[in-house]
Amino acid sequence: MMKFGLLTAILDGWTFEEAVDIAAGMGFQCLEVACWPAGKAERRYAGVSHIDCGRVCRDDAYAKYILDLTAGKGVAISSLAYYPNPMDADPAKRAAAIDHLKTVIKASAKLGVGMVSTFIGRDQYKTARENIALFQAIWPDLIKLAEDSGVKVAIENCPMLFGADQWPGGGNLMCTPAMFRRLFEIIPSPSFGLNFDPSHYVWQGLDYLKTVYDFSQRIFHVHFKDIKLHPEKLRECGVLAYPEEYMSPKIPGLGDVDWGAFVSALNDIRFNGCAVIEVEDKAFEGSREDILRSIRLSKRYLDNYLIGG
């Protein structure tokens, strides 16, 4: 049976202890914990750090504190989350992302979490073929580190292609079934898989149900986020516009994902990993109470579909 949880990135400004209390109080079973390095966020919902992975690696007492805290509240850590661009066109940004990703993998191993959720990345100025070559140069060593550490790497399928700063190619190569197949052929490791989010398929015109069945053995982790497509806007601006001109991220139940069919497909493949709510709905960003309400509403809606919810 899958475990139901929350991605902590929406709880920017709350402490880790507060995030665990919120999850426990709302009845969640797990947390995907945001683990960016300290510093200014480059985009919304990024830059949040509820666990200091560098400190985990060097401070046994801090690692024990995290494990004792979560165990005491009955909330497991589903994954350590860090979504950078490890294939950034800027060599300095690329190196920094890779370096911290290695730290997150090591921290996940030390905490016994065994999962890291992230992006493959992309050089937005290179072709897909050139990016595949870059992937071959960067990722085998990262997956080898994960394998040796007993950690699975779950890649989210978001194209990261939303604003002018991410065009023309976007910030994440691994976002379609065709690309999944190609990259899994290059690195067939059982430690390399997906953190699957159906919402990104809505605006791309892809089939998220077929993907669940086709990649059943590669789905390590799941995001519950929704997207509302605006057909009247799409007819005005076309598919070559920035996607947010014709779609909006929403909390589950307020968009176009068929959640009954999606959860049914996960049950069909006997997915028993962690599925977590990811909130990126601008309608719920007015205050802390709005954020907490978005989480409560999302959980209440999804509890209708989750066995034991």
Side-chain angles (χ1 to χ4, degrees), residues 2-12 19 23 28-36 43-46 48 50 76-84 113 115-120 152-162 171-172 174-177 180 193-204 206-209 211-212 215-216 218-228 243 247-267 269 271-281 284 291 294-295 297-299 301-303 305-306 309:
M2 74 182 82
K3 298 177 181 66
F4 189 21
L6 173 70
L7 170 59
T8 70
I10 192 61
L11 297 175
D12 189 13
F28 287 109
Q29 297 165 295
C30 59
L31 282 174
E32 179 186 3
V33 183
C35 293
W36 272 261
R43 63 179 193 277
R44 291 165 65 241
Y45 312 116
V48 183
H50 284 121
I77 298 175
S78 69
S79 180
L80 300 187
Y82 174 49
Y83 297 94
V113 174
M115 187 81 68
V116 166
S117 36
T118 189
F119 291 143
I120 283 294
K152 290 185 175 182
V153 177
I155 305 297
E156 188 186 347
N157 54 295
C158 176
M160 292 307 295
L161 185 64
F162 299 113
N172 188 33
M174 197 168 179
C175 57
T176 66
F180 298 165
L194 298 171
N195 181 17
F196 189 57
D197 183 335
S199 70
H200 299 303
Y201 272 30
V202 171
W203 64 272
Q204 291 184 91
L206 299 170
D207 188 338
Y208 49 83
L209 298 180
T211 295
V212 170
F215 295 91
S216 61
R218 293 288 190 171
I219 297 176
F220 295 164
H221 200 273
V222 169
H223 274 177
F224 287 148
K225 186 170 89 264
D226 219 332
I227 287 285
K228 183 175 180 59
M247 65 82 163
S248 304
K250 305 299 293 181
I251 63 172
L254 298 186
D256 295 320
V257 173
D258 185 336
W259 289 103
F262 182 65
V263 173
S264 178
L266 292 174
N267 286 330
I269 67 168
F271 176 72
N272 63 358
C274 295
V276 306
I277 293 167
E278 180 184 22
V279 177
E280 292 188 349
D281 191 330
F284 293 91
I291 290 170
S294 74
I295 299 168
L297 289 172
S298 298
K299 186 176 187 298
Y301 178 82
L302 289 166
D303 275 344
Y305 299 104
L306 297 172

Report the C-alpha separation of Phe180 and Ile155 in whole Å, then their side-chain angles, then the decisive distance to 0.1 Å, and conclude whether the side chain to side chain contact (heavy atoms under 4.5 Å, CB included) test is met. CA-CA 10 Å; Phe180 298 165; Ile155 305 297; over 6 Å; no
Assess the residue pair Asn157 and Tyr208 against the criterion (side chain to side chain donor-acceptor pair (under 3.5 Å)); give the C-alpha distance rounded to whole Å, side-chain angles, the decisive distance to 0.1 Å, and a yes or no. CA-CA 11 Å; Asn157 54 295; Tyr208 49 83; over 6 Å; no
Determine, step by step, whether Leu266 and Tyr305 satisfy the side chain to side chain contact (heavy atoms under 4.5 Å, CB included) criterion, reporting the C-alpha distance in whole Å, the side-chain angles of both residues, the deciding distance to 0.1 Å, and the verdict. CA-CA 11 Å; Leu266 292 174; Tyr305 299 104; over 6 Å; no
Apply side chain to side chain contact (heavy atoms under 4.5 Å, CB included) to the pair Val276 and His223, showing each step before the final yes or no. CA-CA 5 Å; Val276 306; His223 274 177; 3.5 Å; yes
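Listed here is the closest heavy atom pair of Pro252 and Phe224: CG-O, 3.6 Å. Nearest heavy atom pair, residue Val279 against residue Ile10, reads O-CD1, 3.5 Å. The shortest heavy-atom contact between Leu80 and Ile77 is CD2-CG2, 3.9 Å. Contact record, Met2 with Ala275: SD-CB, 4.1 Å, taken as the closest heavy-atom pair. Scanning both residues, Pro177 and Phe215, for their nearest heavy atoms gives O-CZ, 3.7 Å. Contact between Ile219 and Phe271 at its shortest, heavy atoms only, is O-CE1, 3.5 Å.
A cation-pi contact, defined as under 6.0 Å to the ring centre and within 45° of the axis, links Lys299 to Phe28.
Put simply, SG on Cys274 and CG on Leu31 are 10.0 Å apart, with the number rounded to the nearest 0.5 Å. For the atom pair CD of Glu156 and CG of Leu194, the computed distance is 10.5 Å after rounding to the nearest 0.5 Å. Distance check, rounded to the nearest 0.5 Å: CD1 of Ile251 to OG of Ser298 gives 4.0 Å. Considering CG of Leu302 and CG of Leu297, their distance stands at 11.0 Å, rounded to 0.5 Å. Atom CG of Leu254 and atom OG of Ser248 lie 11.0 Å apart (nearest 0.5 Å). Note that CG of Leu6 and CD of Glu278 are 10.0 Å apart. Values are rounded to the nearest 0.5 Å.
A donor-acceptor contact shorter than 3.5 Å is absent between the side chain of Ser79 and the backbone of Glu32. Remark: side-chain polar atoms of Gln29 are paired, donor with acceptor, to backbone N or O of Phe4 under 3.5 angstrom. Side-chain atoms of Asn172 come within 3.5 Å of backbone atoms of Cys158 as a donor-acceptor pair (strictly under, hydrogens ignored).
Between Val48 and Leu11 the shortest side-chain heavy-atom distance does not fall below 4.5 Å. For the pair Trp259/Pro198, a side-chain contact is recorded, criterion being any heavy-atom separation below 4.5 Å from C-beta on.
A perpendicular orientation is assigned to the rings of Tyr82 and Trp36, their planes being inclined by more than 60° (bins at 30° and 60°).
Between Tyr201 and Phe196, the ring center distance clears the sub-6.0 Å criterion.
Between the side chains of His221 and Ser117, not a single donor N or O lies within less than 3.5 Å of an accepting N or O. No donor-acceptor contact under 3.5 angstrom links the side chains of Tyr301 and Asp226, judged on distance only.
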